Amino acid sequence: MSDSPDVRGNQWYGPQPDVAGAAGYPDAPPRMGFFTDTSVCIGCKACEVACKEWNAVPEDGLELTGMSYDNTQGLGADTWRHVAFIEQRKPFGGQQPGVVHEDTDVFRAAARLGTDAASPGPGATAPPPGQAPEGAPAGRISPLSPDGRTELRWLMASDVCKHCTHAACLDVCPTGSLFRTEFGTVVVQEDICNGCGYCVPACPYGVIDQRKDDGRVWKCTLCYDRLGAGMEPACAKACPTDSIQFGPLDELRERARGRVAQLHAAGVTDARLYGESPDDGVGGDGAFFLLLDEPEVYGLPPDPVVTTRDLPDMWRHAALAAVTLMGLAVGGFAGGLVRRSR
């Protein structure tokens with residue numbers, strides 16, 4: 001199998017320019033997807049609620065982690081959208097990935113609000129005119145320090161299935177329950193799923209999961225039923241800040257690059273895209289993100305790779321080993337016959 005991109009056949013890894021075409025849709029519409037701009041996420045969870053309501057996803061406990069306001073904890077069979085809350089101690093412009101604050105007394109920090117220069121209190125803006133970093137919009141609120149406060153910041157991000165270009169969950173499904181749609185997304189047909197669970201460890205993001213009461217797998221469908229009717233997914237429709245943006249994937253990638261450039265000019269130097277590149281280990285994601293810190297901070301793998309990438313080589317090695325063993329067995333049997341004939 002060639003490693004070069006081929007719009008006529010599905011590839012195990014690498015860029016795949018026409019995902020739907022490779023899946024057997026010759027006249028497919030543009031590939032659709034999500035761009036999630038975490039810099040404007042306010043953690044309202046409207047996306048979680050809309051997803052559950054439209055898709056009739058069961059309630060899943062709503063248990064607080066004890067570490068934040070996160071009451072869904074992660075993606076799963078009953079959580080197709082998950083809003084992560086990450087609290088960090090980082091001053092304006094001081095981008096220090098991985099900083100932790102176990103030694104911080106948040107109640108004492110809250111009590112100091114408005115009492116010292118490092119904690120200006122409500123109504124302030126950052127940075128003030130004349131003190132902004134080069135290229136930053138002076139006098140405006142920064143996504144690094146809303147309201148001018150600099151002692152803590154929240155990173156919020158609405159996570160979802162990535163609808164990978166090369167989806168290992170789809171590759172390993174023995175029943176055809178998982179399939180690629182004409183929009184380039186990956187959908188589960190629950191009535192065909194036999195609960196084997198092969199797709200669960202195959203996902204490099206840990207997204208797909210089995211429902212405990214029946215064993216079948218469930219995940220985001222990117223609202224396939226709504227797309228077929230010309231509607232946008234429920235989560236994007238409900239997002240009040242346009243943190244979740246839906247549309248043709250190529251247009252979203254271009255828009256995301258412009259947003260990163262805008263944030264860099266404003267002094268947010270750690271803004272970066274995650275999952276948008278066709279050259280990454282999954283061929284690019286159909287749902288990608290703008291992050292303000294390292295992927296690991298958000299619970300995302302730093303360098304995901306499709307877990308079925310090496311299957312062709314593995315089968316070739318297995319076939320070679322089988323032929324070698326068969327040759328040795330035939331040789332040993334023939335040698336035994338020769339010795340007995342003497």
Side-chain angles (χ1 to χ4, degrees), residues 29-62 68-86 154-164 167 169 178 180-188 190 203 205-209 211 217-249 251-253 255-256 259 273-276 284-292 295 298-300:
R31 185 180 180 186
M32 308 301 283
F34 286 129
F35 162 46
T36 301
D37 182 352
T38 69
S39 70
V40 294
C41 178
I42 59 175
C44 68
K45 295 179 179 285
C47 55
E48 287 190 11
V49 175
C51 176
K52 281 184 175 288
E53 288 187 347
W54 180 263
N55 296 289
V57 179
E59 186 271 328
D60 53 343
L62 302 179
S68 73
Y69 292 111
D70 182 356
N71 62 358
T72 46
Q73 304 182 31
L75 295 173
D78 295 331
T79 304
W80 298 2
R81 269 281 179 188
H82 166 237
V83 178
F85 288 73
I86 301 102
W154 285 101
L155 297 182
M156 300 171 186
S158 180
D159 197 8
V160 71
C161 171
K162 314 306 182 291
H163 294 275
C164 308
C169 60
L178 281 141
R180 181 82 62 180
T181 74
E182 67 270 30
F183 301 104
T185 59
V186 179
V187 174
V188 180
E190 293 84 4
C203 176
Y205 296 101
V207 167
I208 196 165
D209 194 17
R211 195 165 284 174
V217 298
W218 306 75
K219 73 172 191 67
C220 163
T221 67
L222 218 146
C223 284
Y224 183 40
D225 53 344
R226 292 174 65 92
L227 267 58
M231 304 165 65
E232 66 178 323
C235 57
K237 184 71 173 178
C239 182
T241 64
D242 280 338
S243 173
I244 302 171
Q245 301 176 34
F246 165 76
L249 195 58
E251 293 181 13
L252 292 177
R253 286 170 174 167
R255 188 186 308 166
R259 175 61 176 159
L273 296 180
Y274 176 85
E276 94 295 350
D285 292 323
F288 65 98
F289 303 80
L290 185 154
L291 305 179
L292 296 178
Y298 296 84
L300 296 168

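In this text, all values refer to a predicted model and were calculated from it rather than measured experimentally.
Closest of all the heavy-atom pairs between L252 and Q245 is CD1-O, 3.9 Å. Looking at every heavy atom in both residues, C161 comes nearest to C220 through CB-CB, 3.9 Å. Here the shortest heavy-atom pairing between L292 and T38 reads N-OG1, 4.1 Å. In terms of heavy atoms, I208 sits closest to C203 at CG2-CB, 4.1 Å. Between R253 and D285 the shortest heavy-atom distance is NH2-O, 4.1 Å. Considering every non-hydrogen atom in both L249 and G33, the closest pair reads CD1-CA, 4.3 Å.
Looking at heavy atoms from C-beta onward, K219 lies out of side-chain contact with V187 at the 4.5 angstrom threshold. A 4.5 Å side-chain heavy-atom check between L290 and F35 finds at least one atom pair inside the cut-off. Considering only heavy atoms from C-beta on, C223 comes within 4.5 Å of D225 through its side chain. Put simply, the side chain of D37 does not reach to within 4.5 Å of the side chain of D242, judged on heavy atoms. For the pair Y224 and E182, the minimum side-chain heavy-atom distance is below 4.5 Å. With a 4.5 Å cut-off on side-chain heavy atoms, V188 and W218 do not count as touching. Between L227 and M231 the shortest side-chain heavy-atom distance does not fall below 4.5 Å. Side-chain contact check for L178 versus V186: some heavy-atom pair is nearer than 4.5 Å.
Under a 4.0 Å N-O distance rule, the pair R211/D78 qualifies as a salt bridge.
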TODO: Check step by step if side-chain contact (heavy atoms from CB on, under 4.5 Å) holds for F183 and L222.
DONE: CA-CA 10 Å; F183 301 104; L222 218 146; over 6 Å; no
Open item on the list: L75 vs W80, test: side-chain contact (heavy atoms from CB on, under 4.5 Å). Steps then yes/no.
Closed with: CA-CA 6 Å; L75 295 173; W80 298 2; 5.8 Å; no
Open item on the list: Applying side-chain contact (heavy atoms from CB on, under 4.5 Å) to N71 and K45, what does each step give before you reach the verdict?
Closed with: CA-CA 10 Å; N71 62 358; K45 295 179 179 285; 3.1 Å; yes
TODO: Decide yes or no on side-chain contact (heavy atoms from CB on, under 4.5 Å) for Y274 and L300, but give the supporting numbers first.
DONE: CA-CA 9 Å; Y274 176 85; L300 296 168; 3.7 Å; yes
TODO: Please lay out, stage by stage, how F288 and F34 fare under the test ring-ring contact (aromatic ring centres under 6.0 Å, His included).
DONE: CA-CA 6 Å; F288 65 98; F34 286 129; over 10 Å; no
Open item on the list: Using the rule given for side chain to side chain donor-acceptor pair (under 3.5 Å), can you reason through T185 versus R31, listing the C-alpha separation, both sets of side-chain angles and the distance that settles it, and then say yes or no?
Closed with: CA-CA 8 Å; T185 59; R31 185 180 180 186; over 6 Å; no
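Between T72 and E48, the side chains place a donor N or O and an acceptor N or O closer than 3.5 Å (distance only, hydrogens not considered). Side-chain atoms of Y205 and D159 form no donor-acceptor pair, as typed in the model, at a separation below 3.5 Å.
The backbone N or O of C41 lies less than 3.5 Å from no partner atom in the side chain of T241, so there is not a single donor-acceptor pair. Side-chain atoms of K52 do not come within 3.5 Å of backbone N or O of A50 as any donor-acceptor pair. In this structure, R226 contributes its side chain and E232 its backbone to a donor-acceptor pair below 3.5 Å. Checking side-chain atoms of R81 against main-chain N and O of S158 turns up a donor-acceptor pair under 3.5 Å.
Note that NE2 of H82 and OG1 of T79 are 8.0 Å apart. Values are rounded to the nearest 0.5 Å. Of the inter-residue distances, the one linking R180 atom CZ with C164 atom SG reads 8.0 Å to the nearest 0.5 angstrom. The OG atom of S243 sits 9.5 Å away from atom CZ of F289, with the distance rounded to the nearest 0.5 Å. To the nearest 0.5 Å, atom CE of residue M32 and atom CD of residue E251 are 8.0 Å apart. Atom CG of N55 sits about 5.0 Å away from atom OG1 of T221, to the nearest 0.5 Å.
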